[in-house]
K.L.:
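Please see the structure below; I have some questions.
Proteins get letters first, then strands, A, B, ... in listed order; numbering begins at 1 in each. All figures in this text were calculated on a predicted structure; none of them were measured in a lab.
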Amino acid sequence: MTSFSDLNLDPKVLKAIEATGYTTPTPIQAGAIPPALEGRDVLGIAQTGTGKTASFTLPMITRLGKGRARARMPRSLVLAPTRELAAQVAENFDNYAKGSRLKKALLIGGVSFKEQDMLIDRGVDVLIATPGRLIDHFERGKLLLTGVEIMVVDEADRMLDMGFIPDIERIFEMTPFTRQTLFFSATMAPEIERITNKFLSNPVKIEVERQNSTSETITQILVEHTPKAKSMAAKDKREILRAIIERDSAKADDPLRNAIIFCNRKVEVDVVAKSLKKHGYNAEPIHGDLEQSHRTRTLDGFRDGSLKFLVASDVAARGLDIPNVSHVFNFDVPSHAEDYVHRIGRTGRAGKLGTAYTLATPADGKYLDAIRSLVKADIPKGENPWTPPGGGNAAPATREEEDDKPRRTSSRTRSRSKPKSEDAPPVEAPAQVAAVEVRHEPAPQPQQRNDTQQNRNRSRGGRGRNDRDSGPRVVGLGDHVPTFIELSFDERRDEA
DNA sequence: AAAAAAC
């Protein structure tokens, strides 16, 4: 078994790792760090929770150790899809770069440019950014990416989901082709494949399975409910949610200590958070419409335990590393099956046990099917601890007056009936997220490139990035005008 | 049916 000390990392980095208490690299770290240190491109196929972040920060710090940043010319660049993820990478970087003199800047939206500008002006070794803000800085002429030696794309599949791929391509094209690229994605969708073929050069491909501690430690439970009317679904689910919270808080083993409650829509996040608060629960919402400072504060509160219930949109579904989350609730069944895996992966982390509830109504059938087929397993059904007043679950409507309210109004917080949190024995059967195949492919063949000329002539203006494999035809950087510069603002906007 | 990311 390798240990970090076998990995040729900078002694100062090793010291910082030691201080964190880790001794053994995770599979993605063991696979990615050695080639990354050699300067090779790396294609890492790994989920969050596999130690992915350290697998690029550690070699980056080591490799950047020598050399010095120049004003406005960062030496490395890390791209992350959300502000929170970027901030998390920055934190990780701070931890491991303690002993070094490396300067870093975090470029994310929602905060002022001023401070970010100042840092860039002084020169940074590491730039950690979300695509939008990075491009904004670039457009203002505050930033040159021609000095980037190492570029990291984290959570590429999520970037794809969020429509960032064109931005990512533009950013790739602003950096020198001589850069080293470390590229991470949980899946290899065709579009991701295309990007990696285009921008990675003879990468070392490392594919690791979802960490056991994630899948095997999560108890998944499906709670089904048939509302008397469709419009009652949300209200009923809020009742069910509280009933489960009450029941599981009182459990002897693996009791509920805290929870992330995922909703599909931002308005629903607000409604559920408000409703929980109204019922005396310590809950706060988090989603993209909230001010960044508020988002940060809320997340910090949840991390340090002062906030017990985080009601979240999918902004918090992926990548966020929050240890000690005992429960995850899918208040809504996610409409993208992969999001299910990401959401429930927020619990059961670092070897701890976790419970993931999914509240479903008959309308969710086809999404549940998609989830079942993705995880290649059934989600065990658990008991619904809430009984609607005056009747069974599937009984015909008797309280129509409540149902007929317009949707907006009825989804406002009006929940009032006390949950009947009888001690229905929790029916739990452990389910596992299907393991992803493990494949280590240390050295795939070089890509065959013979379309250099076509690439060069493409209307988007970027020269073919693949020229790298077919000889030193591209000389220097001067002939390359970043694509987005050639487009007007309107064109850029229309492209998006 | 949506979320996220730039002013």
K.L.:
Expressed as a whole number of angstroms, how long is the span from His336(A):NE2 to dA4(B):P?
P.N.:
13 Å

K.L.:
Output, in order, the C-alpha distance, side-chain angles, deciding distance and verdict of salt bridge (charged side-chain N to carboxylate O under 4.0 Å, His left out) for Asp300(A) and Arg297(A).
P.N.:
CA-CA 5 Å; Asp300(A) 286 348; Arg297(A) 232 181 310 128; over 6 Å; no

K.L.:
With a 4.0 Å cut-off, would you call Glu169(A) and Arg194(A) a salt bridge?
P.N.:
yes

K.L.:
Rounding to a whole Å, what distance do you find between Gln292(A):CD and dA6(B):P?
P.N.:
9 Å

K.L.:
Determine: side-chain N/O of Ser313(A) to OP1/OP2 of dA4(B), distance under 4.0 Å, yes or no.
P.N.:
yes

K.L.:
Salt bridge or not between Glu149(A) and Arg63(A)? Use side-chain N to carboxylate O under 4.0 Å.
P.N.:
no

K.L.:
Hey, does the side chain of Thr217(A) reach the backbone of Gly348(A) with a donor-acceptor pair shorter than 3.5 angstrom?
P.N.:
yes

K.L.:
Indicate whether OP1 or OP2 belonging to dA4(B) is found under 4.0 Å from a side-chain N or O atom of Thr130(A).
P.N.:
no

K.L.:
Are any of the side-chain nitrogens in Arg170(A) or Glu173(A) under 4.0 Å away from the carboxylate oxygens of its partner?
P.N.:
no

K.L.:
Over how many whole Å does the gap from Lys266(A) atom NZ to dA2(B) atom P extend?
P.N.:
10 Å

K.L.:
To the nearest angstrom, how far is Ile135(A) atom CD1 from dA5(B) atom P?
P.N.:
14 Å

K.L.:
For DNA chain B, which residues in residues 115-125 of chain A have a heavy atom at a distance below 4.0 Å?
P.N.:
none

K.L.:
Please classify the nucleic acid contact of Asp339(A) as base, sugar-phosphate, or nothing, using heavy-atom distances under 4.0 Å.
P.N.:
nothing

K.L.:
Tell me, please, whether Phe331(A) has Lys237(A) positioned over its six-membered ring: NZ or CZ under 6.0 Å from the ring centre and within 45 degrees of its axis?
P.N.:
yes

K.L.:
Tell me what Gly163(A) touches on the nucleic acid: a base, only sugar-phosphate, or nothing, going by heavy atoms under 4.0 Å.
P.N.:
nothing

K.L.:
Side chain of Asp136(A) only, please: which of dA5(B), dA6(B), dA4(B) is the nearest?
P.N.:
dA6(B)

K.L.:
In this structure, how many angstroms lie between the C1' atom of dA3(B) and the CG atom of Leu85(A), rounded?
P.N.:
13 Å

K.L.:
Could you tell me whether Asp125(A) and Lys104(A) have a side-chain N and a carboxylate O separated by less than 4.0 Å?
P.N.:
no

K.L.:
Using a heavy-atom cut-off of 4.0 Å across all strands, would you classify Pro81(A) as base, sugar-phosphate, or nothing?
P.N.:
sugar-phosphate

K.L.:
When the distance from CD1 of Ile171(A) to C1' of dA6(B) is rounded to whole Å, what number comes out?
P.N.:
12 Å

K.L.:
Using 30° and 60° as the class limits, which term best fits the ring planes of Phe183(A) and Phe172(A): parallel, tilted or perpendicular?
P.N.:
parallel

K.L.:
For Arg83(A) and dA6(B), is the shortest distance between a side-chain N/O and OP1 or OP2 below 4.0 Å?
P.N.:
yes

K.L.:
Quick one: Glu139(A) CD to dA6(B) C1', roughly how many Å, whole number?
P.N.:
9 Å

K.L.:
Can you tell me which nucleotide in dA4(B), dA6(B), dA2(B) comes closest to the side chain of Arg295(A)?
P.N.:
dA4(B)

K.L.:
Picking from dA2(B), dA5(B), dA4(B), which would you name as closest to the side chain of Arg265(A)?
P.N.:
dA2(B)

K.L.:
For the side chain of His287(A) and the base of dA4(B), is some donor closer than 3.5 Å to an acceptor across the two?
P.N.:
no

K.L.:
Send over the distance from His342(A) NE2 to dA4(B) P, rounded to a whole Å.
P.N.:
15 Å

